[in-house]
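As a basis for the values below, the full set of heavy atoms in this structure was taken, side chains included, without hydrogen atoms, waters or symmetry mates. Proteins come first, then strands; the chains are lettered A, B, ... in the order of their sequence lines, and each starts at number 1.
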Amino acid sequence: MRIALTSPTTLTLNILQTDTRAVANYYAAALHLCFHQIPTSYSLTRTVHAHMITSGFNPRGHILNRLIDIYCKSSNLFYALHLFDNIPQPDIIARTTLITAHSAAGNTKIAKEIFDGTPLSMRDRVCYNAMITAYSHSCDGNAAMELFREMRLLGFQPDNYTFTSVLSGLALIADRETHCQQLHCVVLKSGTGFVTSVVNALISVYVKCASSPLVVASSLMSSARRLFDEMPVKDELSWTTIITGYVKNDDLDGARQVFDGMDVKLVVAWNSIISGYVHKSFLHEALRMFREMHLLGIKQDEFTYTSAFSACSDGRFYRLGKQLHGYIIRTENCPSQEFLISVNNSLISFYSKCGMVDDAKKIFDKMEVRDLVSGNAVLSAYVNAGRINEARSIFSKMPERNLLTWTVMISGFSQNGFGEEGIKLFNQMRSNGLGPCDYAYAGAITSCSVIAALEHGRQLHAQLIQSGFDSSLSASNALITMYARCSVIEDASLVFHTMSCVDSVSWNAMIAALGQHGKGAQALELFNQMLKEEILPDRITFLTILSACSHAGLVREGRHYFDSMHDLYGITPGEDHYGRLIDLLCRAAMFSEAKDVIDMMPFEPGAPIWEALLSGCRLHGNVDLGAEAAERLLELTPHHDGTYVLLANMYATAGRWDEMAKVRKLMRDRGVKKEPGCSWIEVENSVHVFLVNDIEHPEVQGVYEYLKELLPKMKKLGYVPDTKFALHITESEQQESNLSTHSEKLAVVFGLLKLPVGATVRVFKNLRICGDCHNAFKFMSLVVGREIVVRDGKRFHHFKEGQCSCGNYW
DNA sequence: GTAGGGTTAG
């Protein structure tokens with residue numbers, strides 16, 4: 001008999017004897033050689049196995065087990081299983097081998113079948129260990145825990161392996177303090193409390209349990225720390241487990257303390273701390289450590305770089321990010337594929353977040369190998385830049401998608417006003433078998449608010465509750481806005497007031513809901529309540545507040561809040577805030593004050609400022625100032641059609657028809673498609689157009705006459721509020737008031753009244769139904785005795801018998 | 001044991 005290993009993959013087989021015992025020994029030795037070449041020994045093993053078959057040798061017992069083991073370990077489960085199935089009475093070793101192999105291959109179900117098929121009398125500790133590992137591996141912590149209990153009840157003594165597996169399984173379901181402590185006791189009693197791997201696993205359970213929202217993190221982290229401090233032997237894992245534990249529990253000082261005590265600081269530890277600083281937005285500190293690491297000559301890896309780019313995505317560090325990009329290209333001579341994918345992915349997101357979408361796309365295009373994250377990153381780059389068509393095209397070409405991909409696209413649609421497509425995509429995602437997460441729900445709900453699909457929104461709300469996501473902040477915040485935009489402000493309020501925890505987004509949403517419904521005073525009341533509860537207002541809160549003041553004509557209050565923004569809350573007003581302030585002043589016809597604000601602004605006025613001024617001038621027919629604003633606006637954004645429309649309407653409001661005619665000629669010459677002061681009403685594919693401010697237009701004349709007639713009746717029935725309401729019909733009435741009900745809307749009503757009952761009506765354009773308009777519509781429905789339905793791109797309103805409801809329409 | 005891709009408010 002001769003066995004020779006001539007090369008790593010060749011085995012010379014030579015059988016000279018027929019003594020079965022000797023043959024068995026011979027094969028055992030051959031398999032021993034194969035075993036030591038796992039995982040590349042597959043063909044070698046096949047040769048030995050084939051040899052057995054041709055020579056009539058029937059492998060049994062430990063030889064068969066070894067063969068199964070090798071097949072399993074060299075990723076050939078198929079052969080292993082085939083062999084196993086032909087064993088009349090497989091012993092515990094064969095079974096355990098297969099359980100381990102199936103578990104490693106991710107097939108817990110088969111592992112469980114084998115385990116369940118193993119008689120109790122045959123089971124041993126190793127077999128239990130294997131099955132517990134299988135459960136932990138498949139993230140089934142409960143099953144792991146249960147089997148651990150069963151094992152102990154049956155009198156098996158757990159060992160290191162048992163504890164490590166059951167602890168790693170338990171880490172998945174760690175949300176109960178008692179669980180950890182019980183297991184801790186068992187570990188101590190078993191005498192394995194000094195084994196490094198077991199203590200590491202125990203620390204890991206404490207750490208994960210501390211991250212659970214249901215427990216007090218600090219005491220669990222202290223237990224973990226005590227375990228760590230008392231460990232007789234610490235390995236790399238011990239250090240990183242405790243450091244990342246602190247980082248995950250937002251205790252960067254704790255992490256830092258342990259980190260500083262490390263003799264040899266591991267790259268993983270650096271990375272973990274740096275990423276912690278980035279997540280907590282301590283960007284300077286993150287970058288400081290990054291630099292320190294670099295100066296100390298520690299080799300930085302893809303994890304370090306991705307955190308660094310994430311820090312640089314803030315915009316303040318754009319140049320640094322660019323430099324780092326160049327540095328990596330220069331110094332990484334032979335980067336691995338993993339390195340390239342990770343770093344490029346983070347570069348895509350870096351460039352995109354700094355507003356350089358095309359640079360982000362360039363990185364994506366240049367990548368030789370991409371993964372799902374690359375696709376998602378470039379998709380969200382386009383979505384955030386509002387380039388929805390490019391996003392759509394990326395989405396359709398993506399070779400694989402996950403929940404995140406769908407969520408990005410759904411919210412991309414909703415953010416860009418494509419509500420129907422958002423809802424459609426959400427449904428498609430579900431029919432593809434992907435369970436929505438709360439972010440996806442938030443996107444779908446926002447889609448509903450975009451098209452005012454109240455009934456659909458209500459259904460989603462119900463499903464949200466059913467699937468247990470109703471505690472989700474983002475979904476609830478989206479619900480507030482959905483109900484508000486569908487004019488069911490009571491439901492918006494109900495969602496807000498029943499939320500178990502709210503954030504500034506929730507407050508902003510609710511304040512905006514009130515402000516948009518003309519309830520300016522209530523909006524301010526809620527804002528003050530927010531301050532009382534010590535929630536810090538942010539930039540958006542102030543935008544909302546300024547709008548609310550503007551709509552309610554609360555000039556003094558608006559100015560006060562504008563000033564307090566900087567003085568009390570340290571928020572520097574941006575151009576958008578100045579825009580709202582100017583809007584506020586102009587609506588109150590305080591033009592010289594508005595002009596003063598523009599002159600004193602710390603930056604050059606841009607398009608939003610001039611636009612606010614122009615709209616104010618349009619409202620009051622302030623032709624001179626308006627013309628100046630329009631001129632500036634046309635210099636800055638020459639292709640923006642809205643400017644022409646505003647300008648034309650301004651002249652119309654002032655009754656300067658010659659100038660208006662000039663603007664309209666200009667519009668025709670420059671190919672502007674929009675009509676000044678128009679509303680479109682589409683009825684079963686035909687479109688009626690009403691030119692509202694063009695007094696000479698016969699349809700508009702009709703509207704004006706009609707409204708003039710109705711106004712006294714409205715006042716009599718109380719549909720006109722006491723103050724600050726005006727139908728935009730006569731010059732004198734306009735001057736009386738700070739506000740104007742958009743005459744476009746009234747034109748729409750006028751048009752609707754002439755339509756057959758039940759006709760499908762879609763109203764395009766940005767016709768927001770403010771509180772005043774609401775009253776006018778209610779009144780119309782009462783007077784003319786028919787239902788009026790308005791879909792204004794944002795909301796859906798159903799007026800009937802002098803009331804408005806927005807339900808039961810979709 | 002570490003990273004990179006998401007949401008909601010104007």
Side-chain angles (χ1 to χ4, degrees), chain A residues 200 203-204 207 235-245 247-248 266-276 278-279 301-311 313 338-339 341-350 352-353 371-381 383-384 401-412 414-415 436-446 449 469 472-482 484 496 502-513 515-516 537-548 574 576-577 579-580:
Chain A
N200 283 347
I203 294 176
S204 166
V207 162
D235 62 6
E236 294 192 347
L237 202 63
S238 326
W239 287 96
T240 46
T241 308
I242 193 80
I243 290 176
T244 54
V247 171
K248 277 188 187 138
L266 298 162
V267 178
V268 178
W270 281 98
N271 291 348
S272 175
I273 299 226
I274 292 176
S275 83
V278 174
H279 283 140
D301 62 10
E302 63 264 44
F303 291 89
T304 332
Y305 289 137
T306 43
S307 290
F309 282 125
S310 171
S313 303
E338 290 80 33
F339 179 94
I341 293 180
S342 306
V343 171
N344 279 319
N345 288 347
S346 67
L347 275 169
I348 294 177
S349 129
F350 161 70
S352 137
K353 286 189 180 138
D371 66 3
L372 188 54
V373 178
S374 331
N376 287 342
V378 82
L379 182 71
S380 89
V383 161
N384 290 326
R401 301 174 187 142
N402 64 2
L403 193 55
L404 207 139
T405 320
W406 289 85
T407 310
V408 171
M409 198 63 227
I410 291 168
S411 46
S414 74
Q415 283 161 15
C437 59
D438 58 337
Y439 290 148
Y441 268 111
I445 292 167
T446 304
S449 31
F469 285 125
S472 153
L473 254 179
S474 41
S476 304
N477 291 341
L479 279 173
I480 296 177
T481 305
M482 189 273 290
F496 178 74
V502 291
D503 63 359
S504 64
V505 177
S506 328
W507 285 96
N508 292 346
M510 196 59 225
I511 293 171
Q516 284 159 2
D538 57 16
R539 327 179 41 81
I540 292 174
T541 317
F542 283 104
L543 284 177
T544 312
I545 284 297
L546 287 170
S547 291
D576 37 4
H577 295 100
R580 302 280 166 112

### Message
Counting the atoms with a prime plus P, OP1 and OP2 as sugar-phosphate, which does A/Leu372 contact under 4.0 Å by heavy atoms, base, sugar-phosphate, or nothing?
### Response
base

### Task
Would you mind classifying the nucleic acid contact of A/Gln415 as base, sugar-phosphate or nothing, using non-hydrogen atoms under 4.0 angstrom?
sugar-phosphate

### Message
Could you work out, with side chain to side chain contact (heavy atoms under 4.5 Å, CB included) as the rule, every residue matching A/Arg401, not counting sequence neighbours?
### Response
A/Phe395, A/Met398, A/Thr405, A/Trp406

### Message
Once you apply a heavy-atom cut-off of 4.0 Å, does A/His577 come out as touching a base, just sugar-phosphate, or nothing?
### Response
nothing

### Task
Describe the nucleic acid contact of A/Ser476 in one word from base, sugar-phosphate, nothing, applying a heavy-atom distance below 4.0 Å.
nothing

### Task
Taking side chain to side chain contact (heavy atoms under 4.5 Å, CB included) as the test, write out the residues that go with A/Ala442, two or more places apart.
A/Ser474, A/Ala478

### Task
Using side chain to side chain contact (heavy atoms under 4.5 Å, CB included) as the criterion, list what pairs up with A/Asp576, not counting sequence neighbours.
A/Arg539, A/Leu543

### Query
Contact class for A/Ile511 vs. all strands (heavy atom < 4.0 Å): base, sugar-phosphate, or nothing?
nothing

### Query
From the 5' end of DNA chain B to its 3' end, which nucleotides mark the outer limits of contact with chain A, defined by a 4.0 Å heavy-atom distance cut-off (strictly under)?
B/dG1 to B/dG10

### Query
At under 4.0 Å between heavy atoms, what does A/Thr407 touch on the DNA or RNA strands: base, sugar-phosphate, or nothing?
base

### Query
Mind checking what makes side chain to side chain contact (heavy atoms under 4.5 Å, CB included) contact with A/Ala311, not counting sequence neighbours?
A/Val278, A/Leu283, A/Leu287

### Task
Using a 4.0 Å heavy-atom cut-off across all strands, classify A/Ser352 as base, sugar-phosphate, or nothing.
nothing

### Message
What contact category does A/Ser238 fall into here, base, sugar-phosphate, or nothing, at under 4.0 angstrom with non-hydrogen atoms?
### Response
nothing

### Task
Give A/Arg580 one of three labels, base, sugar-phosphate or nothing, depending on what nucleic acid heavy atoms sit under 4.0 Å from its own.
sugar-phosphate

### Query
Within the structure shown, what part of the strands sits under 4.0 Å from A/Ile445 by heavy-atom distance: base, sugar-phosphate, or nothing?
nothing

### Message
Does A/Thr481 reach a base, just sugar-phosphate, or nothing at all? Heavy atoms under 4.0 Å.
### Response
sugar-phosphate

### Query
With sugar-phosphate meaning primed atoms plus P, OP1 and OP2, does A/Asn344 contact a base, only sugar-phosphate, or nothing at under 4.0 Å between heavy atoms?
nothing

### Task
Let me know which of A/Asp503, A/Asn477, A/Thr481, A/Asp538 forms a side-chain hydrogen bond (donor to acceptor under 3.5 Å, both in side chains) with A/Asn508.
A/Asp538

#### Entry: A/Phe350 and A/Phe309 aromatic ring geometry - parallel, tilted or perpendicular at 30°/60° bounds
tilted

### Task
Look at all strands and tell whether A/Asn200 reaches a base, only sugar-phosphate, or nothing, counting heavy atoms closer than 4.0 Å.
nothing

## Note on the structure
Those residues at least two apart in sequence (or on a different chain) that pass side-chain hydrogen bond (donor to acceptor under 3.5 Å, both in side chains) with A/Asn344 are none

### Query
Reckon A/Val268 touches a base, only the sugar-phosphate, or nothing at all at heavy-atom distances under 4.0 Å?
base

